[in-house]
Protein chains: 2
Amino acid sequence: MLQITRDGEYAVRAILHMSAQPVGTLCLISEIAEAQEVPRSYLSKIMQHLVKAGLVKSRRGARGGFFLARRPQEITLRQAIEAIEGPIFLNICLIKKGECHRDEFCPVHQVWQEAQRKLMEVLDNKTMAQLVQDAEKLKGFSAKKRTPKKPPSTL
Amino acid sequence: MLQITRDGEYAVRAILHMSAQPVGTLCLISEIAEAQEVPRSYLSKIMQHLVKAGLVKSRRGARGGFFLARRPQEITLRQAIEAIEGPIFLNICLIKKGECHRDEFCPVHQVWQEAQRKLMEVLDNKTMAQLVQDAEKLKGFSAKKRTPKKPPSTL
DNA sequence: ATTAAATAGGACTAAAATCATCCTGAATGT
DNA sequence: ACATTCAGGATGATTTTAGTCCTATTTAAT
Ligand code: FES
Ligand code: FES
């Protein structure tokens, strides 16, 4: 349907949540699920998948939890999404040359290639660290709307 | 899955096929289906849909067929795809403001907006007329590869 | 008027994807 | 030992995808 799945969306939320924590913080599934409004049991599966994909590490047992395998500035939005959704191909024929035998003479093919390139460029150029910063700005903005004076002391 | 469906792909093929015909030509389902490698009975449904969407007109009965409702230079790739797939939203929260209540503070939202804008830009800036031209160039190119000498007399 | 040629439209279906839930097992800190 | 967490498998409801097939209707030609 040319739309990301809930899996992808939830994965981004989870990674973003962890990215916003102080380094070394262990996050619990229930905590992430509640904060990011993701069904708890569903998120469990997604976290497992993210661990397997190598983006997240986990510790089992009491005082266990999840934490990022890399620093937030080293994780792009694309990586977060593709870790769960798999590589993105706007049309099936983009998977690889020859996947569709029409790609040799189909004039639409190069349009999809360009569209995909531009889409990826956007997702590649946004790191989790940047998103956390953006979120802080948004928070500051909505706070300003409520209390127009006195900028917040901590940023 | 962030991928266009067969419906969308087949619709583009069908419209492209009609765009490549001399004006006034009536195209038959079976003819388009064979040329564009689309299952005949499936294409039938897609053509119906394209007629309802107003992109294509039809004439029933003997000597009937399909033809474009507008000139190829007035039909963009986006219009062809969206006529069948409906409006494209890379994430469900882009459908409209407030569709997802997180859009106010979610820092990913504006990234999806930009990604979508760039994707649409690519699809908007390609008309069926241009694609037909591109196809002719591709044909000429592969023809050149087979017979490196003697450029084709008709273009 | 008959008939052949076409599209229109509805019913139906198999397979896969989507979006989850629930339970058991394994690991780990106290 | 025990409470706490994640790991992983089984299950399932619903929707989407990607078709097929049959009948009805319209139209042109004879
Ligand atoms: S073969 Fe890739 S779009 Fe046509
Ligand atoms: S609300 Fe739109 S991406 Fe998060």
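These numbers were taken from a predicted model, which means no experiment stands behind them. Labels below follow one simple rule: chain letters A, B, ... track the order of the sequence lines, proteins then strands, and each chain is numbered from 1.
Counting to the nearest Å, the C1' atom of D:dA7 and the CG atom of A:Leu28 are 16 Å from each other. Nucleotide D:dT25 holds its P atom 15 Å from the CD atom of B:Gln48, rounded to whole Å. As rounded to whole Å, 11 Å separates atom P of D:dA18 from atom CG of A:Asn91. When the P atom of C:dG10 is taken as reference, atom NE2 of B:His49 falls 13 Å away, rounded to whole Å. Between B:Met47 atom CE and C:dA6 atom C1' the separation is 12 Å, expressed in whole Å. Look at CG on A:Leu50: it is 11 Å from P on D:dA7, rounded to the nearest Å. Rounded to whole Å, atom C1' of D:dT16 lies 15 Å from atom CG of A:Asp7. For the pair B:Ile84 CD1 and D:dG19 P, the interatomic distance rounds to 14 Å; values are reported in whole Å.
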Sugar-phosphate or base contact per nucleotide [nucleotides 20-29 of chain C; S, B, -; heavy atom under 4.0 Å]: BB---BBBBS

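Counting heavy atoms from C-beta outward, B:Arg63 and B:Leu26 have side chains that stay 4.5 Å or more apart. Inter-residue side-chain proximity for A:Val12 and A:Ile84 is flagged as unmet; no heavy-atom pair is nearer than 4.5 Å.
For B:Glu82 (side chain) and B:Pro87 (main-chain N/O), no donor-acceptor pair under 3.5 Å exists by modelled atom type.
In this model, a donor atom of one side chain and an acceptor atom of the other lie less than 3.5 Å apart for A:Glu9 and B:Asn91. The closest side-chain donor-acceptor pair between B:His109 and B:Glu104, if any, does not fall under 3.5 angstrom.
Along DNA chain D, the nucleotide nearest A:Leu2 and the nucleotide nearest A:Gly65 are compared for position; the residue whose nucleotide lies closer to the 5' end is A:Gly65.
Considering B:Gln21, B:Gln36, B:Arg40, B:His17 in turn, B:His17 is the only one that fulfils the side-chain hydrogen bond (donor to acceptor under 3.5 Å, both in side chains) rule with B:Glu31.
At D:dA7, one or more side-chain N or O atoms of A:Ser58 fall inside 4.0 Å of OP1 or OP2 (strictly under the cut-off).
Of the candidate nucleotides C:dA8, D:dA18, D:dT5, D:dA18 has the atom nearest to the side chain of B:Thr5.
Across all strands, B:Met1 comes closer than 4.0 Å only to sugar-phosphate atoms, never to a base (heavy-atom distances). Within the 4.0 angstrom heavy-atom criterion, no nucleotide atom of any strand lies near B:Lys57.
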Can you list the steps and then say if A:Glu85 with A:Thr5 is a side chain to side chain donor-acceptor pair (under 3.5 Å)? CA-CA 8 Å; A:Glu85 302 233 347; A:Thr5 62; 2.6 Å; yes

